[in-house]
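Shown next, in structure tokens, is the structure this report addresses.
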2 protein chains.
Amino acid sequence: MTSHPAALDDLDRKIVAALVANARTSFAEIGAAIGLSAPAVKRRVDRMREAEVITGFTTMVSPSALGWRTEAYVEVYCDSAAPPRRLAEVVRDHPEITAAMTVTGGADALLHIRAEDIQHFEEVLERIRAEPFIDKTISYIVLSHLLSDSAEAGASPATPADETNRR
Amino acid sequence: MTSHPAALDDLDRKIVAALVANARTSFAEIGAAIGLSAPAVKRRVDRMREAEVITGFTTMVSPSALGWRTEAYVEVYCDSAAPPRRLAEVVRDHPEITAAMTVTGGADALLHIRAEDIQHFEEVLERIRAEPFIDKTISYIVLSHLLSDSAEAGASPATPADETNRR
DNA sequence: GTTGAAAAGTGGCAGAG
DNA sequence: CTCTGCCACTTTTCAAC
């Protein structure tokens with residue numbers, strides 16, 4: 001990876017926090033809040049994008065509004081000679097899989113799945129289980145969210161340095 | 001919930017897709033791509049924000065760049081009389097918990113946790129297990145991502161209607 | 001950090017569906 | 001009546017200095 005030391009200072013972290021809260025905040029507004037001019041903020045943002053500290057800007061959408069009303073996590077168990085590379089291919093073939101990762105523990109991988117409803121989820125699960133090297137799966141259907149993560153991927157609690165700012 | 005039928009048409013879905021891909025895309029650019037003027041796009045975005053189809057704009061940040069190099073999912077088992085409301089409070093007290101939800105299966109809840117490193121994660125886990133009504137936890141430490149979810153929260157595979165557009 | 005030109009955002013208004 | 005494009009006017013971006 002091209003991850004330079006990057007050395008973010010406090011101003012950088014405040015800029016990131018502002019942009020995570022609202023990716024469309026103007027540089028001028030961010031600058032006013034932290035005592036910097038708009039171009040200065042832009043230069044820092046450009047630098048952080050270059051350093052891949054900031055990997056992109058996205059929009060949070062209510063999944064249910066788009067018709068995805070069922071969410072689940074699925075543990076996947078593969079047979080002994082399961083190549084992780086092969087798993088990555090499979091994962092890309094099912095559009096309902098929104099995240100996939102290898103994990104410690106008994107399971108080989110953990111999938112995050114979004115489906116229209118339970119019927120659709122069952123169909124997805126059957127499709128995944130039909131893969132030759134998959135031995136078994138264990139599903140955890142999400143009932144309700146206790147913490148509405150702002151944007152699960154980008155969201156990080158705070159900065160390791162300062163544990164003070166809890167939301 | 002105030003979820004109106006909302007009835008998104010094809011243009012709305014294309015606008016959402018464009019904004020999910022890049023929340024800072026100009027309305028003019030989106031309009032040019034779908035055959036609409038900039039103000040027309042803005043009107044639709046405003047309407048979708050009002051209807052809470054679009055819940056916000058955020059920035060994707062490399063967690064490791066901010067010092068969060070350890071990621072894990074933790075199953076939480078509570079004692080019989082565990083009130084979910086109480087769990088929600090606890091979850092908010094630990095800034096390292098980036099997502100929490102109740103799930104089907106043996107466990108009562110599933111937590112997504114980000115920590116600086118394994119040592120930090122262990123400390124967080126001990127803190128959580130110290131809660132009086134938590135019986136046990138099972139941790140799945142994330143080793144590597146097979147699918148780099150654009151932004152896990154907002155990301156949805158495609159529209160249930162058209163299963164054709166797979167990335 | 002400041003300046004200035006180009007681009008984007010935003011609200012009013014009239015017309016088409 | 002809703003949605004659109006057009007037109008001013010304001011704000012923001014961005015590449016100079």
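Every chain is numbered from 1, with letters handed out A, B, ... down the list of sequences.
If you check every strand for non-hydrogen atoms under 4.0 Å, B:Ser26 touches sugar and phosphate atoms only.
Ranking C:dT10, C:dT2, D:dT4 by closeness to the B:Arg43 side chain, first place goes to D:dT4. Closest to the side chain of B:Arg44, out of D:dG5, D:dC3, C:dT10, is D:dC3. Which of C:dG1, D:dT13, D:dG5 sits closest to the side chain of A:Ala40 comes down to C:dG1. Here the nucleotide nearest the side chain of B:Pro39, chosen from D:dC7, C:dT3, D:dT12, is D:dC7. Closest to the side chain of B:Lys42, out of C:dG1, D:dT13, C:dT10, is C:dT10.
Placement of B:Tyr73 and A:Leu143 in two distinct hydrophobic clusters is found when ILVMFWY residues are connected by side-chain heavy-atom separations under 4.5 Å, directly or transitively.
Atom C1' of nucleotide D:dT12 and atom CG of A:Leu19 are separated by 14 Å, given to the nearest angstrom. Atom CZ of A:Arg49 and atom C1' of D:dT13 are 14 Å apart (whole Å). C:dG17 atom C1' lies 15 Å from atom CG of B:Leu11, rounded to whole Å. For the pair B:Ile34 CD1 and D:dC3 P, the computed distance is 14 Å after rounding to whole Å. Summarising the geometry, the separation between CG on B:Asp46 and P on C:dG12 is reported as 12 Å, rounded to the nearest angstrom. What separates CD1 of B:Ile30 from C1' of C:dA7 is a distance of 15 Å, to the nearest Å. In this structure, the CG atom of B:Leu36 is 8 Å from the C1' atom of D:dT4, given to the nearest Å. B:Leu8 places its CG atom 12 Å from the P atom of D:dC3, with the value rounded to the nearest Å.
Phosphate contact (OP1/OP2 of D:dT2, side-chain N/O of B:Arg47, threshold under 4.0 Å): absent. Distances shorter than 4.0 Å separate none of the side-chain N or O atoms of A:Arg24 from OP1 or OP2 on C:dA8.
In terms of position on DNA chain C, the residue among B:Ala28 and A:Gly35 whose nearest nucleotide sits closer to the 5' end is A:Gly35.
With 3.5 Å as the limit, one finds no donor-acceptor pair spanning the side chains of B:Ser64 and B:Arg69.
Under the 4.0 Å criterion applied to side-chain N and carboxylate O atoms, B:Glu89 and B:Arg86 are assigned as salt-bridge partners. A:Asp9 has a carboxylate O that lies under 4.0 Å from a charged side-chain N of A:Arg44, or vice versa, which qualifies the two as a salt bridge. Ion pair A:Glu96/A:Arg127 flagged as a salt bridge, since at least one NZ, NE, NH1 or NH2 atom sits closer than 4.0 Å to an Asp/Glu carboxylate oxygen.
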